[in-house]
Amino acid sequence: MKIRLAWRLARVVVHLCEGLATCALVFPFASSRSRMRLTRAWSRRLLRLCRVEVEHRGGVPALEHALVVANHVSWLDIFVINALDPCRFVAKAEIRSWPVMGWLAAGAGTVFIARGNRRELRHVFKGLVEVLQQGERVALFPEGTTGLQGAVLPFHANLFEAAIDAGVPVQPYALAYVDAAGRHHPSIEYIGDTTFVDSLFRILQGPPVTARLACLAPLDSSGAHRRELALAAQEAVAAAVRV
């Protein structure tokens, strides 16, 4: 068992290093479409190494130009979404300090936000509007933290204003991680004092994971209020997670 875990961990570490090299040496010279293609392929490979299979649900096509909002369960969330629909992500500043993964997220263009920093939030908001107006897909986790599977925390409404100002729809995504019996996977919980390293070891040692990603109907932001958008997205995601 220890040899098998060491082998899996070594393969993941090598793949992470390859991702760092790609971000440093390829991304600065690649077009937006090329970066998306590379991000999708790299994310799919990472998930395979972690024995995570992605199952696409919902039957609604992903918009190429939208503000994507999703419930937040695990550090895997970013890579599950990128494996299907690559996005520019907004994430909490704590992720920046994660070993290797934080550097990788930064190299891939993730925007980090420090909690409670209103001045920084205004700066990030302006940048999000500009990116959305340029035709890119941006994703964020409006709960602001990871939560228990099967439950959705209240969505913070602040950054929904970016979709309104940029004139783009909001598209909710619902994430769930299950085992072979369809129950919430026991290795995925990422709450409390759990660190990234702890979580990675649990996933590599545990049984295979199925990540269910449901792409939901987009919400029109025209003339909407950010709190109305946030509540509508929260209710859509919560209903999909319960299913």
Side-chain angles (χ1 to χ4, degrees), residues 32-33 36 39-40 43-44 47 52-74 76-91 110-111 125 128-178 182 184-185 188 209-243:
S32 176
R33 189 166 296 276
M36 288 178 62
T39 298
R40 181 185 289 113
S43 297
R44 289 178 176 178
L47 295 174
V52 178
E53 178 184 358
V54 180
E55 183 181 288
H56 196 187
R57 293 191 161 198
V60 177
L63 300 178
E64 290 190 7
H65 187 199
L67 177 68
V68 172
V69 296
N71 60 310
H72 200 8
V73 181
S74 166
L76 288 168
D77 298 346
I78 289 176
F79 305 106
V80 170
I81 293 174
N82 275 340
L84 293 175
D85 309 311
C87 303
R88 286 281 301 276
F89 274 86
V90 179
T110 300
V111 177
F125 173 82
L128 287 184
V129 173
E130 292 175 354
V131 170
L132 287 168
Q133 288 176 335
Q134 291 167 7
E136 292 198 49
R137 185 193 291 121
V138 175
L140 57 90
F141 302 109
E143 291 169 294
T145 185
T146 52
L148 289 170
Q149 291 208 75
V152 176
L153 300 172
F155 279 12
H156 298 290
N158 289 342
L159 293 180
F160 281 80
E161 190 81 31
I164 298 170
D165 284 10
V168 302
V170 172
Q171 186 155 38
Y173 282 28
L175 282 155
Y177 297 87
V178 300
H184 291 148
H185 200 287
I188 295 298
V209 180
T210 297
R212 292 177 175 171
L213 179 63
C215 183
L216 308 177
L219 306 171
D220 186 5
S221 66
S222 302
H225 190 280
R226 64 185 185 185
R227 291 191 180 89
E228 295 171 353
L229 272 179
L231 181 59
Q234 177 188 325
E235 291 175 344
V237 172
V241 166
R242 284 196 296 270
V243 170

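In this text, all values refer to a predicted model and were calculated from it rather than measured experimentally.
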Please identify each residue that fulfils ring pair (Phe, Tyr, Trp, His ring centres under 6.0 Å) with F89, with sequence neighbours left out.
F141
P169 to P218 - nearest heavy-atom pair and separation:
CB-CB, 4.3 Å
Where H185 and V178 come nearest, the two heavy atoms and their spacing
CD2-O, 3.7 Å
Rounding to 0.5 Å, atoms CG (L84) and CZ (R44) come to a distance of 6.0 Å
Can a donor-acceptor pair be found, under 3.5 Å and without considering hydrogens, that links the side chain of R88 to the backbone of V138?
no
Compare every heavy atom of A238 with every heavy atom of V152, then report the nearest pair and how far apart it is.
CG2-CA, 3.7 Å
How many angstroms lie between atom OG of S221 and atom CD of Q171, to the nearest 0.5 angstrom?
12.5 Å
Output the distance between atom CG (L47) and atom CG (N82), rounded to the nearest 0.5 Å.
9.5 Å
Quick one: pull up CD1 in I164 and CG in L159 and give me the separation to the nearest 0.5 Å.
11.5 Å
According to the ring-ring contact (aromatic ring centres under 6.0 Å, His included) rule, which pairs have a member within residues 154-174, sequence neighbours left out?
none
So side chain to side chain donor-acceptor pair (under 3.5 Å) across residues 224-237, not counting sequence neighbours, yields none
For the student: nearest non-hydrogen atoms of C87 and I81, plus distance:
SG-CG2, 4.1 Å
Can you pull out every side chain to side chain donor-acceptor pair (under 3.5 Å) where at least one residue sits in residues 131-141? Sequence neighbours excluded, please.
none
State whether the side chain of E53 and the backbone N or O of V209 hold a donor-acceptor pair below 3.5 Å, judged by distance alone.
no
Which atoms form the tightest heavy-atom contact between V241 and G150, and what is the distance?
CG1-CA, 3.6 Å
Please report the shortest heavy-atom distance between L140 and P142, naming the atom on each side.
O-CD, 3.3 Å
Extract all donor-acceptor atom pairs below 3.5 Å that involve side chains of residues 58-72 and protein atoms in other chains or at least two apart in sequence.
from : atom 1 : to   : atom 2 : distance (Å)
H65  : NE2    : L132 : O      : 2.3
N71  : OD1    : L175 : N      : 2.7
N71  : ND2    : L175 : O      : 2.9
H72  : ND1    : D77  : OD2    : 2.7

For E55, enumerate each residue passing the side chain to side chain contact (heavy atoms under 4.5 Å, CB included) test, keeping only those at least two apart in sequence or located in another chain.
R57, T210, R212
